[in-house]
Amino acid sequence: MLITNGKLATFGEANQLIEDGAILIDGDEIAAVGPTTDLVARYPEEEILDAQGRLILPGFICAHTHFYGAFARGMALKTEAPASFPQILEYLWWRLDKALKLDDVRYSALVCLVDAIRNGTTTLIDHHASPNAVTGSLDVIAEAVTQAGLRACLCYEVSDRDGEETMLQGIGENERFIKQASGPYLAATFGLHASLTLSDETLKRAVEVADELDVGFHLHVAEDKADVADSLKKSGLRVVERLEQAGILGAKTIAAHAVHIDAFEMDTLRETGTKVAHNPRSNMNNAVGVADVLGMLRRRIDVGLGNDGFSNNMFSEMKTTYLLHKLAQEDPRVMGADQVLDMAVKNNARIAGLFFSKSLGELSVGAHADIILLDYVPTTPLNAGNLPWHLIFGMDGGQVSTTIVGGKVLMKDRELLTLDEDAITARSRDFAGKLWARM
Ligand SMILES: [Zn+2]
């Protein structure tokens, strides 16, 4: 397939904006990128998808999400309003996750995947919990991902909070799924909840299994000060030091949040090559604090962006990142749009690169053919240099008209081709209502 007549932003090394650009897809990868006239002349027989002047971008990546949280939307808590992060976990998330059955897991995932396709998010790194439906839960999510046609890396969050049997099931579910997940669309890593719900014994068990399977971890790190207090109490060490000593950190590990870490811990993250996923909307919503993202980026830590279960609209996450750090630092010069885009695109591609074989986050020959078309008409001059500011101030997920993953069109002109959105939405509402009643 040849996509023609678009304003094509390559990102990646080349970082070009080709005014009348085209892109050739061969199977599941990009085979050529260049001016439309050139590519049409070279490949006259190709089926053509006319972009009609739309912006052509690589699909976006989400480095940390929770499909299972979808049914929390609009849910009333029967408790007093949570006054702290531990109370948010106790009153909301740990009550919701315990009520999940496999059907809920499936429809939670499906509604998130619909949302992802609609917003041009083509690769998602998920972190799953359903303590009363552990075994097989990752298969259910994998089926939904396969049905949607997106790319995802899955894991089950092991925790001691629901007792030993559930913890062992969680380890087993990671092990089972890691052994079977393969191929260009589905990947797996080892999930852990967070230091504050994991004993030294459990960490040791997890490391033994993960080492044997040659995978890293995906876990929450120092999201709230409660995690630090718990770690100091358990071990006399701060969270990153405790995890480092337990063998959890490393170049294949994703640490979500890293809000409450000090300079020494940042150096440890850098030295171990640990990746970080920043989730500003979630951090603001939970009022846990502001991660020192600038300090981490200065140390050349790969800090990417996740949504932590918020909408799968990475444009919103980028805008929040752009705004939050300026306000937090009281300095409008910090966190330029180019730096935000580097996190969302380059660093997220490096994180996703742990799990997928070809390049992501760029339109270059040999990269995965994950491509989105945006109905964006610039009202001021647009070039490769100022594109990040156009993105922050002018673009949004709702402008994504077409989403392609691995050369397959998942949405064309806002119409979903792989998922029946109406049916999914109706069933999701039904299952969510029942889940609320069960809680
Ligand atoms: Zn999370």
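In listed order, ligands and their atoms are each counted from 1.
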Taking the six-membered ring for Trp, are F315 and F60 closer than 6.0 Å centroid to centroid?
yes
Within less than 2.8 Å of the Zn ion (ligand 1), any N, O or S from D308?
yes
Under a plain distance cut-off of 3.5 Å, with no hydrogens placed, do E362 and S364 share a side-chain donor-acceptor pair?
yes
For the Zn ion (ligand 1), the closest N/O/S atom belonging to H66
NE2
Ring centers of H66, H220 separated by less than 6.0 Å
yes
Check the side chains of R281 and S311 for a donor-acceptor pair under 3.5 angstrom, ignoring hydrogens and angles.
yes
Is H64 close enough that one of its N/O/S atoms sits under 2.8 Å from the Zn ion (ligand 1)?
yes
